[in-house]
Amino acid sequence: MRDIRSLREKLGWTQDRLAEYLGVDRSSVSRMENGQPPSGPVERLLSVLKKEAAQ
């Protein structure tokens, strides 16, 4: 889900802010931006963010 970086940038958020929202470490955000797929609750929260950013 490499579009995590573009979503984060569209929102104007730092990796730290996205990590706080998702309840994960900043390093986890970095890994997801570099190809590690999100799972479970993180994936659901990212879906919510995508919908909000599209409006």
Please list, one pair per line, the donor and acceptor atoms closer than 3.5 Å that link side chains of residues 7-14 to other protein atoms, with sequence neighbours excluded.
{"residue": "R8", "atom": "NE", "partner": "E33", "partner atom": "OE2", "Å": "2.5"}
{"residue": "R8", "atom": "NH1", "partner": "W13", "partner atom": "O", "Å": "3.1"}
{"residue": "R8", "atom": "NH2", "partner": "E33", "partner atom": "OE1", "Å": "3.4"}
{"residue": "R8", "atom": "NH2", "partner": "E33", "partner atom": "OE2", "Å": "3.3"}
{"residue": "K10", "atom": "NZ", "partner": "A53", "partner atom": "O", "Å": "3.2"}
{"residue": "T14", "atom": "OG1", "partner": "D16", "partner atom": "N", "Å": "3.4"}
{"residue": "T14", "atom": "OG1", "partner": "R17", "partner atom": "N", "Å": "3.0"}

Checking R31 against S28 for the side-chain contact (heavy atoms from CB on, under 4.5 Å) test, could you report, in this order, the C-alpha distance in whole Å, the side-chain angles of both residues, the deciding distance, and whether it holds? CA-CA 5 Å; R31 285 192 300 273; S28 296; 3.1 Å; yes

Can you name the residues that form a side chain to side chain contact (heavy atoms under 4.5 Å, CB included) with R44, not counting sequence neighbours? P41

Contact list for residues 24-55, test ring pair (Phe, Tyr, Trp, His ring centres under 6.0 Å), sequence neighbours left out: none

Pairs where residues 30-55 contributes a residue and the test ring pair (Phe, Tyr, Trp, His ring centres under 6.0 Å) is met, not counting sequence neighbours: none

Using the test side chain to side chain contact (heavy atoms under 4.5 Å, CB included), find all partners of S39 that sit at least two apart in sequence or belong to another chain. none

Hey, are the side chains of V29 and Y21 touching, using non-hydrogen atoms and a 4.5 Å cut-off? no

Can you sort out the partners of R26 under side-chain hydrogen bond (donor to acceptor under 3.5 Å, both in side chains), two or more places apart, ordered by chain and number? Q15

Rounded distance (nearest 0.5 Å) linking atom CE of M32 with atom OG of S27: 9.0 Å

